[in-house]
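Each remark here refers to the structure printed beneath this line.
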Amino acid sequence: MNRKKNFRFILPIGVLFLAAVAWAGSPQILLSPGSEPSTASFAAINKIFTGDWQQYGQLFTSWQGGLFNRIFLLVLTIVPGIFLLHYIVIGAKSFSHAGTPIKFFGILTRLLHWLAALSFSLLVITGLMVVFGKFLGGGALIMSGRSVHLIAAIVFCLSAAGLFLIWLKDMLPMPHDVLWLFIMGGYLSKKKKPIPAGKFNAGQKIWFWLATIGGGVMAWSGYNLYSFAAPTDQLRQMAILHNFLAAALVGFFIIHLYMSLFAIKGSLTSMISGYKSSDEVAVMHSRYKI
Amino acid sequence: MARMKFLCDVERCIDCNGCVIACKEGNQVPVGVNRRRVITIGEGKPGEKSISVACMHCSDAPCIAVCPVDAIYQREDGIVLVNKKTCIGCGYCFMACPFGAPQFPSGKVFGARGAMDKCTFCAGGPEETFSDEEKRLYGQNRIAEGKVPLCAAMCATKALMAGDANVVADAYRKRVFARGSGANAWGWDKAYGKK
């Protein structure tokens, strides 16, 4: 009895086992899971682990690997070189300070300007420290430079926003700005002919728009680069943008320094006292209505 | 000189994440950093594949090219290492790396990034070999001990292999031919007999 009962169970199991062996031996099972060619799998895997590196990764790598610091080196050598030549060949302009001085900058304007000037100088210095970090040895010095860069950026953003509102009306492009650009602001001649410019000339306007709107773009891309807030491929584009725009800003910063410190005698004092000499305004800002 | 290399056999990797844990635990990796990760495609579907990825220790590594302070360097045996005392945490290496290998510890003041951390191939760092400083900053130096990296050593299915490129490639080639499936199902031996 017992043996017969056992056999009743064994038989179906045996049949199932044989069926399973036959099924496993069929070519069907060899083609199912796991036997996909590895090349296809790697193509699918590559898409995930290299992400969108193919978009801007290579471009960023090659430019950051040599182009950017060369551009900065060129800006830092060629721009001052040109102005040194200008200073030697054409020389500085000086104006009589005899007449009644004309009020040009209010106290808030001057305060904001010097806040922006200080923070922007720090931004340029610490930014260049990162760009040329390998020549300074890297490490804690450059790392603290990055922290200063962040704090200076916040100060600059606030003060530049204030200056933007104060100067916006005077900085709007005017038809005579084209004329100014054609004669290069009269800086190529030693004669003192009236220059077509209102409160600000076309050069100052370019610097204004570059520093405020460009500064805003720098702040936005810089924030993303600092906090990794954007997707990686966008970070690459932002790093490229941040570097090119920074090169332009450093160039114009040097121009601004030259103009205020050397090209026009006494120009620096106007941003301290708030007054320009009437002689200077009559020539350099001939269309300025008081 | 031997050229060190990782190779992950996707036919063997089972997404157990043992390599990730072994690396993180064995090297006391900082919070927010995973030196190794496992990627799975077609999860739950026929043909699911997994691969364990860390630093590829590239020849002509993009991270070395973009580093503004030259903190990253490559050893004679191809292992790419970072000097954490030179690194400024700018993150350019992260943007240049196709594999997302460079990682940054989080939790500093103002969300600042610390020095970059990445797979060292368990070869420590530029500090003195077996020094406490090396262990604290970079983890174990198993290469100097003559051992394979932690991840490859602990891999249960031996999907992840590490070591001299030629030896690893040879072992993998033998495996592929022995398997006789996938791309190599109809190779030389099937066409021309056992030779």
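Values below: every heavy atom of this structure, side chains too, minus hydrogens, waters and symmetry copies. Chain A is the first sequence line, chain B the second, and so forth, proteins listed ahead of strands; every chain is numbered from 1.
The candidate from B/Cys90, B/Cys87, B/Cys67 with the greatest count of non-hydrogen atom pairs under 4.5 Å with chain A is B/Cys90. Of the listed residues A/Leu235, A/Ile48, A/Asn46, the one with more heavy-atom pairs under 4.5 angstrom with chain B than any other is A/Ile48. For the options A/Ala239, A/Gly138, A/Ser144, A/Ala140, heavy-atom pairs under 4.5 Å to chain B are most numerous at A/Gly138. If you tally non-hydrogen atom pairs under 4.5 Å between each of A/Leu150, A/Thr61, A/Val130, A/Ile142 and chain B, the highest count goes to A/Thr61.
The backbone N or O of B/Glu11 lies less than 3.5 Å from a partner atom in the side chain of B/Asp9, making a donor-acceptor pair.
By the 30° and 60° cut-offs, the orientation of the rings of A/Phe252 relative to A/Trp207 is parallel. Aromatic ring pairs are classed by plane angle as parallel below 30°, tilted from 30° to 60° and perpendicular above 60°; the pair A/His86 and A/Phe83 is perpendicular.
The neighbour count for B/Lys24 NZ, taken as heavy atoms of other residues, nucleotides or ligands under 6.0 Å away, is above 12. Around the CZ atom of A/Phe262, the shell of radius 6.0 Å holds no more than 12 heavy atoms that belong to other residues, nucleotides or ligands. In this structure, B/Glu145 places its CD atom where more than 12 heavy-atom neighbours from other residues, nucleotides or ligands lie under 6.0 Å away. In B/Lys158, the NZ atom is crowded: over 12 heavy atoms of neighbouring residues, nucleotides or ligands sit closer than 6.0 Å.
In this structure, B/Lys135 forms no cation-pi arrangement with B/Phe130, as its terminal cationic atom is not both closer than 6.0 Å to the ring centre and no more than 45° off the ring axis. At least one test fails for A/Arg236 against the ring of B/Tyr92: distance under 6.0 Å to the centre or angle within 45° of the axis.
Of the N and O atoms on the side chains of B/Ser59 and B/Arg3, at least one donor lies less than 3.5 Å from an acceptor on the other residue.
With a 4.5 Å cut-off on non-hydrogen atoms, B/Cys93 does not touch chain A at all. For chain A, the nearby part of B/Val53 is the side chain; its heavy atoms alone come within less than 4.5 Å. B/Cys63 does not touch chain A: none of its heavy atoms, backbone or side chain, sits under 4.5 Å away.
For an aromatic pair to be called close, the ring centres must be under 6.0 Å apart, and A/Trp53 with A/Phe60 fails this.
Heavy-atom proximity under 4.5 angstrom to chain B picks out A/Leu225, A/Tyr226, A/Ser227, A/Phe228, A/Thr232 from residues 225-234 of chain A. Within residues 115-126 of chain A, no residue has any heavy atom closer than 4.5 Å to a heavy atom of chain B.
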- Message: Checking B/Ile79 against B/Thr120 for the side-chain contact (heavy atoms from CB on, under 4.5 Å) test, could you report, in this order, the C-alpha distance in whole Å, the side-chain angles of both residues, the deciding distance, and whether it holds?
- Response: CA-CA 7 Å; B/Ile79 297 174; B/Thr120 63; 5.8 Å; no
- Query: Under the side-chain contact (heavy atoms from CB on, under 4.5 Å) criterion, do B/Cys58 and B/Phe99 qualify, and how do the steps go?
  - Reply: CA-CA 11 Å; B/Cys58 309; B/Phe99 311 108; 4.2 Å; yes
